[in-house]
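Reading through the structure tokens given below for one structure.
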Amino acid sequence: MPSNRTNDKTALLNGSSLVSNNPAKQNGGCSIVVGSLRRYSKQRLQSTYHQHLRAGGLMVASPYCKCCLLKPVTVKRCVAGLLILSLLSILYYTHYLNSPFSSLMRRDSRPEPSIRCAVLNGGAITHLPVASNDHRSAARLRIDPKVLVFVETTYSRLGKEIAELLVHNRMKYKVEVAGKSLPVLTNLDKGKYGVIVFENLNKYLNMDKWNRELLDKYCREYSVGIVGFVAPTEETLVGAQMKGFPLLIHNNLRLKDAALNAGSPILRLTRAGEVAWGPLPGSDWTVFSPNHSTYESLAWANNNSQDWGGDSEEGVHTPLTTVIQDHGRFDNIQRVFFGSGLKFWLHRLLFLDTLSYLSHGQLSINLNRLLLVDIDDIFVGEQGTRLRKEDVQAMLEAQERIREMVPGFKFNLGFSGKYFHHGTPEENRGDDMILENSHKFMWFSHMWNHLQPHLYENQSQLEADMFLNKAFAKEHGIRVDSQYSVAPHHSGVYPVHEMLYSAWKRVWNVKVSSTEEYPHLRPARLRRGFIHRNIMVLPRQTCGLFTHTMFIERYPGGREKLDESIQGGELFQTVVYNPISVFMSHMSNYGNDRLALYTFESVIKFLRCWTNLKLSSAPPVVLAEKYFQMFPDEADPIWGNPCHDVRHIRIWSHNKSCEQLPRFLVIGPQKTGTTALYAFLSMHPNISSNIPSPETFEEIQFFNGRNYYRGLAWYMDFFPLVKNTTAQFLFEKSATYFDGELVPKRAHALLQHAKLVTILISPSKRAYSWYQHTRAHGDPIALNYTFYDVISASDTAPKVLRDLRNRCLNPGKYAQHLERWLTYYTPQQLHIIDGDQLRSNPIEVMDQLQKFLKITPVFNYSNHLRYDPKKGFFCQVLNGDHTKCLGKGKGRLYQPMEEKAYKLLQRYYLSHNTALVKLLRRLGQRTVPQWLKDALSDT
């Protein structure tokens, strides 16, 4: 092809001939165009096509039509040329874009699994014995299964990767910035950490003598191991001595072709015997050369650097040790050193095995893995993207191959029956073949019309849609007893749409669902399960395939990116880190280039090659039961704020508003004046509270009791749908929130920007007031026992007596409960009111509270509150001289507390009051309440 299009065009205008001298080409006429195009590459065709467009739409500079220029131009010839050009454009775009014609194209770029290793013999499974070390010790261990991670800074990359890996595998850990002092390592006679990890090994090697001796002593006494990562440096070291160890290092190397020591006792999850061919990530690797029998290589690699002179003979490559184990024969401390961080996927597996080995099995992950592959929308798709008979056949054959590696495996097909037979005739025959083989798959219901459930506001309509889908299933022989369902786009599962859960129960008897949205899509390592209305919701995983990823050439990053995910990358690690993986895929991933078949078969083979995981599959109900047996703590949901996640807003009921949530909470504790504060706040024209509850009156008590399981929609129904702007504040008061163990975490998940208001009075006075409150309400225990009997009750006393004792005493441990709240909220979000000041000078207290809440304009309480001498406290002013006070139950006068009870409480609260003073000073509180000073001085 001529390289200069401009010269060709100029020659044409001058009447020069551009026809080849080849007689065959001259005689071929314009028919040569078609023959040339068959041989032309896609890239050059595309380039030529756009050149024609830039030239004004005429093929004046194209080599394909030079021959046509010799004959006079006629309308007939121009029309013929345009028809040829149109045909070429259609062929090109149907090859790259979705259209009904794309199914006519022969796909010669469809990828096929090419994973090969010793355990896979030509694609068939060879059941070789698997060497998987058991790290559990019969000895009595005095360590907690927790990792202590020393990092350089709180923002260091490798430290973050280590923490994320521990979170993904649900391992307890603590991050400590390496500095001048060590954290507390023991608790009584037990070690607090089972393994100690240094993000930068130099921080361990260069510790000051005192801390190093202290740490090494701890490791010897409690049999605790150390993991260290060699950090990259600009200085290149060749055969340098590692400080304090008989070990030489060489750094800043490029390496390739990693392999493992099959005889290492560390290997448990990781399977040796293969080679990870190709260059390893990074150019700053460190390798080790030991000078002592205590060391054993765990991993090797070959040199890939030009300046390496370590090979003994030309062409002979000496394996270089990249991960080395110290058996402890040198100084009685076991260690493992890594010559690079966690960028290399194999290091992640070895790190998990190292934690297991050094913790004597306490930090081991389970090697059993359960897999489920959902195919969403098996009948939903545009013409040209759906499955044909040969695609269904390929899916059945792949399913059989996968079942050989994963016992019990079947694809789980979701269906929306309305879209059955909505394809081309060829695709409709594919639908028929799916139903002919329906008994070979598992099935679950979507929605009949594929509409998102959160868009339904009528329960009957939602159920009618589900009944249509159920009728379709029965008509076509699809099983309807899976008790599993997934909503389109995860709508209604989370954030919860209550009508969906009710309809699922009524129509399908659903027991299990799954979603990738709880608590959020990203980061994937934090996805969890929960149970709501007795429906178990499993975390769902993504495999990197979406509805639009139908062709390998259009996969983001191409085949190389997909293979990276499969061969040690995100998809591979997802299976490694999650005992149960429910994968979402789409019908379009099984036709066209059949990327799903390639992806799942490849990753399963790669898992077989490199891990000792035992893969299997089971129906969703079995998976869910096993999941919540393994992770019972996840059963209780944590309701997040949909307004903080764009994805959640899109699948949230449209009749809900982000303005329907309170902007501050009055958290208690009980019997400190919270009801009076509630009354004062309700007087403010710009402050609104919740609608009263028929059970608990002005308190909703959502975050600390059974009401929490009723869901977010139930909670939001208590708040009027008003414009919650800076001029209108919604709030909630529930005095039981203060000392609820789960309340701060739950409240912060939903209301992380809310402000908190608490009232504190003398804890002794509060305890006595609660006792008198229960007596006034006829509690038989309070009526039959004196206050002293209650607060002095032992742990062997009857449970009902102990419960009353705890409700009297526990809320008064103010510092302990405030610290729990401050774990989630900042000090700037907390406002502490002196309860005695609220009673004696409420106007000033309310002015300070308005300032804290930043409410404008300020409400003048001096015109609306007046002291009532009969009641003994301030009341609301009504119509001039009249006042409205709290009910008869407020402001009661009690008999004075017994002296022995008072002294017992002074002793009991001494440490708690002392801690409160320290906390108030830390929070910047200018004055200490007088009741607190008196309590400490009396003691």
Side-chain angles (χ1 to χ4, degrees), residues 146-167 171 173-183 185 193-216 218-219 224-255 280-290 295 298-299 301 320-326 330-331 333-348 350-352 354-355 358 363:
K146 189 174 182 180
V147 183
L148 176 61
V149 183
F150 284 102
V151 297
E152 291 191 85
T153 71
T154 53
Y155 307 103
S156 50
R157 180 189 57 81
L158 179 55
K160 183 180 179 181
E161 291 176 350
I162 293 170
E164 290 174 352
L165 185 58
L166 296 174
V167 169
M171 293 183 183
Y173 71 98
K174 179 182 181 181
V175 173
E176 193 80 18
V177 177
K180 295 181 179 180
S181 60
L182 292 173
L185 300 174
Y193 307 101
V195 179
I196 297 174
V197 178
F198 283 87
E199 173 200 26
N200 184 344
L201 181 58
N202 284 330
K203 293 294 182 180
Y204 173 65
L205 301 178
N206 297 312
M207 290 179 77
D208 63 82
K209 184 179 179 182
W210 171 264
N211 285 329
R212 176 63 180 275
E213 289 178 352
L214 190 64
L215 183 62
D216 286 354
Y218 170 79
C219 291
V224 172
I226 293 176
V227 182
F229 293 87
V230 179
T233 61
E234 295 182 0
E235 180 184 7
T236 298
L237 304 174
V238 180
Q241 181 82 34
M242 181 180 285
K243 183 178 179 181
F245 293 95
L247 195 60
L248 303 179
I249 60 173
H250 187 143
N251 68 349
N252 290 339
L253 294 175
R254 292 185 178 89
L255 302 178
L280 307 190
S283 58
D284 49 14
W285 282 76
T286 295
V287 298
F288 306 94
S289 298
Y295 296 108
L298 175 57
L320 308 175
T321 300
T322 55
V323 184
I324 196 164
Q325 176 186 2
D326 179 353
F330 179 67
D331 61 358
I333 299 175
Q334 295 199 66
R335 304 176 182 88
V336 176
F337 297 148
F338 286 76
S340 186
L342 296 177
K343 285 184 179 179
F344 184 33
W345 62 268
L346 196 53
H347 275 195
R348 293 174 175 264
L350 295 177
F351 180 64
L352 292 175
T354 298
L355 294 179
L358 294 179
L363 291 166

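Side-chain atoms are counted along with the backbone in the values below, which use heavy atoms only and exclude waters and symmetry mates.
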Between Met207 and Glu213, does a side chain to side chain contact (heavy atoms under 4.5 Å, CB included) hold up when you go through it step by step? CA-CA 9 Å; Met207 290 179 77; Glu213 289 178 352; over 6 Å; no
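- To the nearest 0.5 angstrom, Glu176 atom CD is 11.5 Å from Thr154 atom OG1.
- For Phe229 and Phe351, the distance between ring centers is under 6.0 angstrom.
- You'll find the side chain of Ser289 stays beyond 4.5 Å of the side chain of Leu247, heavy atoms only.
- A donor-acceptor contact under 3.5 angstrom links the side chains of Thr233 and Asn251, judged on distance only.
- Here Leu350 contributes atom CG and Leu298 contributes atom CG; the two are 5.0 Å apart, rounded to the nearest 0.5 Å.
- Within the 3.5 Å criterion, the main-chain N or O of Val287 finds no donor-acceptor partner in the side chain of Thr321.
- Atoms CG and NZ, on Asp284 and Lys343 in that order, are 6.5 Å from each other to the nearest 0.5 Å.
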Dump the intermediate steps for side chain to side chain contact (heavy atoms under 4.5 Å, CB included) on Val195 and Tyr173, then the final yes or no. CA-CA 10 Å; Val195 179; Tyr173 71 98; over 6 Å; no
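- Side-chain contact between Gln325 and Thr354: absent, with no pair of heavy atoms (C-beta onward) separated by less than 4.5 Å.
- Glu199 places a side-chain N or O within 3.5 Å of a backbone atom of Glu152 that can act as its donor or acceptor partner.
- Of all heavy-atom pairs between His347 and Gly341, the closest is ND1-O, 2.9 Å.
- Closest approach of Glu235 and Asn252 over heavy atoms only: O-ND2, 3.5 Å.
- More than 12 heavy-atom neighbours from other residues, nucleotides or ligands sit within 6.0 angstrom of NZ on Lys174.
- In this structure, CD in Gln334 is found 11.0 Å from SG in Cys219, a value given to the nearest 0.5 Å.
- A 6.0 Å sphere centred on CZ of Arg212 holds more than 12 heavy atoms belonging to other residues, nucleotides or ligands.
- By the 4.5 Å heavy-atom criterion applied to side chains, Val227 and Phe338 are counted as neighbours.
- Side-chain contact check for Ile324 versus Val336: every heavy-atom pair is 4.5 Å or farther apart.
- Nearest heavy-atom pair across Leu237 and Ala240 is CB-CB, 3.8 Å.
- Counting heavy atoms from C-beta outward, Leu342 and Leu158 have side chains that approach closer than 4.5 Å.
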Could you give me the CA-CA distance, side-chain angles and deciding distance for Leu355 and Leu166, then say whether side chain to side chain contact (heavy atoms under 4.5 Å, CB included) is met? CA-CA 10 Å; Leu355 294 179; Leu166 296 174; 3.6 Å; yes
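- The shortest distance between side-chain heavy atoms of Val224 and Ile196 falls below 4.5 Å.
- Asp216 and Tyr204 are linked by a side-chain donor-acceptor pair at a separation below 3.5 angstrom, with hydrogens and angles left out of the test.
- Atom CG of Asp331 is separated from atom CG of Asp326 by 6.5 Å, given to the nearest 0.5 angstrom.
- Between Leu352 and Leu165, some side-chain heavy-atom pair lies under the 4.5 Å cut-off.
- Minimum interatomic distance between Tyr218 and Tyr193 (heavy atoms only, all atoms of both residues): OH-O, 2.8 Å.
- Considering all non-hydrogen atoms of both residues, Gly239 and Leu248 come closest at O-CD2, 3.8 Å.
- Closest heavy-atom contact between Leu148 and Pro183: CD2-CG, 4.0 Å.
- Looking at Val149 and Val151, their side chains come closer than 4.5 Å, going by heavy atoms from C-beta outward.
- Within the model, atoms CZ of Phe288 and CE of Met242 stand 5.0 Å from one another, a figure rounded to the nearest 0.5 Å.
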Side chain to side chain contact (heavy atoms under 4.5 Å, CB included) between Phe344 and Trp285: does it pass, once the steps are laid out? CA-CA 11 Å; Phe344 184 33; Trp285 282 76; 3.8 Å; yes
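- Phe330 and Phe245 have tilted rings, their planes meeting at an angle from 30° to 60° on a 0 to 90° scale.
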